[in-house]
Amino acid sequence: MTSVENLLRTAAVRPMASGRVFNFSAGPACLPIEVLQQLQQDLVDLRGSGMGILEVSHRGPLFDQLLDESHSAFRRVAAVGSEWATLFIPGGATLQFGMIPMNFLPDGGHADYADTGLWATKALVDAKTVGRVNTTFDGKAFAFNRTPNANEAAPTPGAAYHHWCSNNTVDGTKWTVVPQAAAGGWLARDASSDLFSEPLDLRHHGVVYAAAQKNLGPSGMTMVLIRRDLLGKACRKLPSMLRYDEYDKHESRPNTPNTFGIHVVGLICQWIERNGGVHAMQRLAANRCGLLLQAIDQSGGFWRAHSERACQSPINVLFRSPSSELDSSFVAAAAAAGMDGLAGHRSTGGIRASMYNAMPLEGAQALADFMGDFARRNG
Ligand SMILES: Cc1ncc(COP(=O)(O)O)c(C=O)c1O
């Protein structure tokens, strides 16, 4: 009996020893089981305080300690120096689509945006509500199946910053080169789906941000790295919650912050450190992705990948069978076998396997086996 048949036979049985499914959702996504178990404990009694993490004061000494630990762990994993501020900001990555131009797109100036996928488009559309935007790359014509090469997405003179999305979650692509910023400008990177899945390259950057719900913890908050010299350089007057320097001045608590989320980010960063750091995460991502690509390549044309191979995201792998009906039955059969969250984004259809840091290699192996079996039975 193949491993897939075994999984199907025991469909009611969960595939992981812990009794959990393999969750391939694009985010919120799977988190490390030991972090979840630690949180179970912390919800009831945080470090012997007799109160849970949701109950302790955000200004009390216990939370001071957690905040400090989360900041420190995040900074260690990011390997940033003192010239960078690290901020916990509510509102998801989408709030950064607005905050960056509100702070740094001056009246009469312009910013560059590379349009490489659904989220990059949303960032660009939001920036246009604030000021003048130049599109340095437009991937719509080829359904966002590739990212720019070294000769494309050139910045334009005078652009305040150049915004790029390094890993396109919905479209399954990643950049193979780092874009350039105009002279005097800097790069703004949306790293929501690949922060800490590889070493962080901060060269030429002013801001890097990532929504937490993929590699870092709960949805509704975002990690922002911002160059210290940009703090306080907002080009217009803004309410306090939209100003980066306010978050920095108040240690990410200009108001009552997401105390739970901040704690989770700290635990996850410590988990990354215990498991070999970002280099190990990068190797794991490449191995997981390699298993799925091999299943696609060995299917005799049954499975087709969406992305050009050179631009394939190691995190989000999009593929299709010969028909949308087969895609749907694959997603349903996989779910019955304990592999959840495989339906493609509503804008693209097909199948999408999202594999963030907490996805074990066994999850990718189970999916690859399942793909092979499905192709043989339906090809
Ligand atoms: C690359 C990217 N940017 C931005 C977002 C939006 O994040 P949020 O929903 O937290 O605002 C997502 C969400 O999936 C994403 O994948």
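Every number for a ligand or one of its atoms is a count from 1 in the order of the listing. All values reported here derive from a predicted model rather than from experimental measurement.
- Protein heavy atom closest to atom 3 (N) of ligand 1, with residue, atom name and distance, is Asp190 OD2, 2.6 Å.
- Atoms of ligand 1 found under 4.0 Å from any heavy atom of Ala211 (numbered from 1 in listed order, with element): 7 (O), 10 (O).
- By the 3.5 Å distance cut-off applied to N or O atoms, Ser193 is not counted among the residues near ligand 1.
- Remark: distances from the non-hydrogen atoms of Cys165 to ligand 1 include one below 4.0 Å.
- Heavy-atom contacts of Thr169 reach the following atoms of ligand 1: 1 (C), 2 (C), 15 (C), 16 (O) (cutoff under 4.0 Å).
- Using a 4.0 Å cut-off to heavy atoms of Gly92, the atoms of ligand 1 that qualify are 10 (O), 11 (O).
- A side-chain hydrogen bond (donor to acceptor under 3.5 Å, both in side chains) with Thr116 is found for exactly one of Asn168, Thr173, Asp171, namely Asn168.
- Scanning the protein heavy atoms around atom 11 (O) of ligand 1, the nearest turns out to be Thr94 OG1, 2.6 Å.
- Closest heavy-atom approach to atom 14 (O) of ligand 1 among the candidates Gln96, Lys214, Lys122: Lys214.
- Under the 30°/60° scheme for interplanar angles, the aromatic rings of Tyr113 and Tyr161 are found to stand perpendicular.
- Near Ala93, with a cut-off below 4.0 Å to any heavy atom, the atoms of ligand 1 are 4 (C), 5 (C), 6 (C), 7 (O), 8 (P), 10 (O), 11 (O).
- When the options Asp194, Asn215, Asn316 are evaluated for a side-chain hydrogen bond (donor to acceptor under 3.5 Å, both in side chains) with Tyr356, the one that passes is Asn316.
- The aromatic rings of Phe319 and Trp303 stand perpendicular to each other, their planes meeting at an angle above 60°, with 30° marking the opposite boundary.
- The distance from ligand 1 to the heavy atoms of Ser192 drops below 4.0 Å at these ligand atoms: 1 (C), 2 (C), 3 (N), 4 (C), 15 (C).
- At least one N or O atom of Gln213, backbone or side chain, sits closer than 3.5 Å to an N or O atom of ligand 1.
- Ligand-side atoms of ligand 1 in range of Phe97: 4 (C), range being under 4.0 angstrom from any heavy atom.
- Ring planes of Trp175 and Phe137: tilted class, angle from 30 to 60°.
- If you check which protein heavy atom lies closest to atom 6 (C) of ligand 1, you get Trp119 CZ3, 3.4 Å.
- In terms of the salt bridge (Lys or Arg N to Asp or Glu O under 4.0 Å) criterion, Arg132 has no residue partners (sequence neighbours excluded).
- Legend: residues meeting salt bridge (Lys or Arg N to Asp or Glu O under 4.0 Å) with Glu34, ordered by chain and number and at least two apart, are absent.
- For Phe302 and Phe330, the distance between ring centers is not under 6.0 angstrom.
- Remark: aromatic rings of Phe144 and His306 are distant, center separation not under 6.0 Å.
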